[in-house]
Structure formats: structure tokens, C-alpha cells
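Only one structure is covered here, and it is reproduced in the block below.
Keep in mind it's a predicted model, so treat the numbers as computed, not measured. Throughout, residue positions are numbered sequentially from 1 according to the sequence presented.
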Amino acid sequence: MQKNLLAILILCQCLTFKLSSAQTDNQLFKDLRWRMIGPHRAGRTIGASGVPGQPNVFYIGVNNGGVWKTTDYGRTWEPIFDDQSTGSIGDVIVAPSNPNVIYVGSGEGVQRPDLSVGNGIYKSEDAGKTWMHLGLTDGQQIGGLSVHPKDENIVYVAALGHPYGANQERGVFRSKDGGKSWKRVLFIDENTGAVQVTVDPNNPDIVFADLWASRLAPWENGDWQGPNSGLYKSTDGGDTWRKITNGLPTPAQGLGRIGFCFAPSLSSRMYATVDAGNLGGIYRSDNSGENWYRVSA
């Protein structure tokens with residue numbers, strides 16, 4: 001206990017120093033040690049969400065282990081989804097405007113030899129105490145969710161679809177009534193799903209989505225990439241979309257999955273991880289996704 005207390009005091013003191021250069025004395029940190037804060041389980045954790053204004057509260061969605069919640073900064077975790085009909089989780093997100101509203105997308109959304117699928121969208125209105133099922137059952141893999149920053153009833157779903165075959169319940173879906181009804185607002189074909197959709201936190205009329213034409217075979221490493229993968233942008237809240245191509249690799253060049261994010265302090269700055277063989281890597285945009293350039297391979 002004394003050693004841990006000493007380590008904390010040393011860290012607090014170090015953080016108050018105004019360093020004149022980037023060099024620090026490593027001896028100041030020699031007593032600090034990392035420790036695991038759980039939950040103590042195996043497997044993959046796909047989705048995670050904090051709660052604005054509640055820095056002690058987090059939710060995680062586990063690939064085949066349901067949803068877990070911590071209220072003490074990660075020291076202890078509680079499973080809060082065990083009574084639902086699926087444990088496969090692709091994403092979990094807290095509505096920015098109402099911390100009691102949580103949306104969960106089931107189906108892990110990771111194309112790999114061993115995977116699990118889910119049965120649609122779930123919602124809690126009491127911070128995870130109870131849940132309701134909202135449909136999109138045949139989406140099978142929900143790769144991403146996004147909620148309007150000021151209206152918890154406007155939610156977007158990226159449905160990847162069947163991992164081993166064609167199906168229609170793919171693409172980007174939108175609800176304006178808290179999940180009571182859904183409209184498919186972005187769809188290419190039965191072979192192309194959506195793996196991420198994200199609303200600009202500073203301009204909710206701007207929405208980006210990544211479409212991924214991917215299919216697995218019954219045997220390991222028998223994957224297939226289709227011709228319609230790519231990044232799409234809407235400037236009217238999802239009513240219409242256009243494909244973004246400037247600076248990004250094409251499917252003919254090996255484009256697969258794209259993962260992207262907005263810089264919270266300046267959402268016109270975006271970053272993306274791009275799967276595209278020799279052209280893959282980290283890409284950046286400085287004009288709200290209109291043009292991209294690679295910053296690291």
C-alpha cells in the first residue's frame with residue numbers, strides 16, 4: 001500500500017512540473033506498474049462507450065459475452081445483458097443527449113474464421129437495467145451505431161449482413177423515433193453491407209458510412225471482397241449519399257474495410273484506417289472527408 005501511494009504521489013508531482021524540454025528522468029517513474037482492471041475474461045471486446053459527464057461509467061460490448069458496465073472507473077464490472085437472447089455484440093453506444101439511453105447492435109461485425117452473429121438492435125432507457133428488442137433481426141452483424149448528438153431518438157445502424165451469403169437486410173438504417181421504425185437510407189446490393197456509420201458531432205447533418213463488400217467461405221481464409229466497398233457521405237442527415245473517392249484506394253486496388261473517426265475538437269479533420277494491400281495504412285482528411293492523403297503505411 002505504501003509503495004502504491006508513493007507511486008501515485010510521484011505521478012501527481014510529475015504532472016505539475018513545467019518541463020522545458022521533452023526529456024524526462026525515467027527514475028521518476030520507476031515505481032509505477034500497470035495492473036489489469038478487468039473484467040477477467042477471454043475473447044474479443046468489440047464495442048465500448050463512455051458516458052458524457054459521468055467519467056466513472058463505461059459500457060463494453062463483448063463479441064460473444066454480452067454487455068458489461070462499470071460505475072467505478074473500471075475497478076469492477078457487472079454483466080447487464082445476460083437475460084437477452086444473444087450475447088454477440090458489435091457495438092454499444094450511449095446517447096450524448098441522454099445518458100440513460102443506450103443502443104446495442106448485436107453481431108460482432110468482424111469477418112474472421114470464427115465469429116458469432118446476432119439478431120438485431122436493442123435499447124435501454126434506464127442505463128442498462130432493462131432492455132427492449134428493436135428489430136433488424138436479419139442484419140446478423142451490426143458493425144456500428146451512431147446517435148444524433150442532441151436527439152436520442154435519431155439513431156443510425158450499420159448492418160453488415162450475412163457473413164456467408166447474400167441477404168437484403170444490409171446497409172445503413174435510420175430511425176427517427178427511437179427505434180420503433182427503421183428506414184434503409186443507404187443500400188447498394190445484397191452483397192454489400194455497412195460496417196460503420198458516424199454522425200459529425202458538431203454538424204449532425206453530416207454523416208459518414210463505410211460500405212464493405214465482404215463474404216466468408218466455410219473454410220478458413222476463404223474470404224471474398226466485392227467491388228462496391230468504399231466511404232460514403234451524406235450532408236442531409238442520411239437522406240442522400242455520395243461516394244468519396246478522392247485520395248482513397250479503389251476496390252480494384254484492393255480496398256476492403258475502412259475505419260474512420262472525426263477529431264472532436266475540429267470535425268473537419270478526419271482520420272481513417274484503410275485496408276488496401278500496399279496502399280493501406282492511416283489516411284487523413286482536412287476538409288470533412290472530401291479529399292484524403294496517406295500519412296502512414
Side-chain angles (χ1 to χ4, degrees), residues 47 90-91 93 95-97 103 105 109 121 134-136 139 141-161 168-214 226-251 255-274 283-293:
D91 200 9
I93 187 168
S97 60
Y103 291 94
I121 307 298
L134 301 181
L136 298 184
Q141 301 179 94
I142 305 301
L145 302 168
S146 192
V147 182
H148 191 287
K150 296 181 180 180
D151 187 347
E152 67 265 26
N153 292 309
I154 300 178
V155 57
Y156 299 83
V157 172
L160 190 55
Q168 289 291 319
E169 202 159 83
R170 299 174 180 260
V172 176
F173 293 80
R174 181 187 64 196
S175 175
K176 292 185 175 182
D177 54 13
K180 296 177 182 178
S181 62
W182 297 95
K183 179 181 180 181
R184 190 172 62 184
V185 294
L186 178 59
F187 177 75
I188 300 296
D189 57 32
E190 70 277 8
N191 297 308
T192 306
V195 72
Q196 182 182 349
V197 59
T198 305
V199 178
D200 184 329
N202 298 314
N203 183 355
D205 286 335
I206 297 177
V207 188
F208 279 83
D210 177 45
L211 296 191
W212 187 21
S214 175
N228 292 315
S229 297
L231 190 64
Y232 287 76
K233 179 180 181 179
S234 173
T235 57
D236 53 16
D239 291 334
T240 61
W241 299 80
R242 58 188 173 88
K243 191 173 185 179
I244 299 294
T245 59
N246 292 333
L248 292 172
T250 66
L255 178 64
R257 180 175 180 171
I258 297 174
F260 61 91
C261 66
F262 297 94
S265 58
L266 180 67
S267 53
S268 60
R269 168 75 56 81
M270 298 179 65
Y271 296 92
T273 57
V274 178
Y283 282 69
R284 169 177 159 178
S285 172
D286 298 316
N287 58 357
S288 192
E290 295 295 333
N291 301 88
W292 295 84
Y293 58 97

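Identified under the salt bridge (Lys or Arg N to Asp or Glu O under 4.0 Å) test for residues 262-272, with sequence neighbours left out: R269-D286.
Between A209 and L186 the shortest heavy-atom distance is CB-CD2, 4.0 Å. Considering every non-hydrogen atom in both Y283 and P249, the closest pair reads OH-CG, 3.5 Å. In terms of heavy atoms, V172 sits closest to W241 at CG1-CZ2, 4.2 Å. For the residue pair S288 and S285, the shortest heavy atom distance occurs at N-OG, 3.9 Å.
The side chain to side chain donor-acceptor pair (under 3.5 Å) check on T235 picks up nothing, with sequence neighbours excluded. Evaluation of the side chain to side chain contact (heavy atoms under 4.5 Å, CB included) rule for K180 yields D177 as partners, not counting sequence neighbours. D239 is linked by a salt bridge (charged side-chain N to carboxylate O under 4.0 Å, His left out) to R174, counting only residues two or more places apart in sequence or in another chain. Residues that satisfy the ring pair (Phe, Tyr, Trp, His ring centres under 6.0 Å) test with F173, not counting sequence neighbours, are absent from this structure. Remark: S268 engages no residue in a side chain to side chain donor-acceptor pair (under 3.5 Å) (not counting sequence neighbours). Listed by chain and number, the residues in a side chain to side chain contact (heavy atoms under 4.5 Å, CB included) with I93 are Y103, L145, V147 (sequence neighbours excluded). For N153, there are no side chain to side chain donor-acceptor pair (under 3.5 Å) partners two or more places apart in sequence or in a different chain. Residues satisfying the ring pair (Phe, Tyr, Trp, His ring centres under 6.0 Å) test with F262, not counting sequence neighbours, are F208. Applying the side chain to side chain donor-acceptor pair (under 3.5 Å) criterion to T250, with sequence neighbours excluded, gives Q253. For R184, the salt bridge (charged side-chain N to carboxylate O under 4.0 Å, His left out) test picks out no residue, with sequence neighbours left out. For E190, the salt bridge (charged side-chain N to carboxylate O under 4.0 Å, His left out) criterion is met by no residue, not counting sequence neighbours.
Counting only heavy atoms from C-beta outward, the side chains of V199 and H148 never approach each other to under 4.5 Å. The side-chain heavy atoms of N191 and N228, taken from C-beta on, include no pair separated by under 4.5 Å. The shortest side-chain heavy-atom distance between Y232 and V197 does not fall under the 4.5 Å cut-off.
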Checklist entry - Taking it one step at a time, do I142 and D91 satisfy side-chain contact (heavy atoms from CB on, under 4.5 Å)? => result CA-CA 7 Å; I142 305 301; D91 200 9; 5.5 Å; no
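Heavy-atom neighbours of K233 NZ from other residues, nucleotides or ligands within 6.0 Å: above the threshold of 12.
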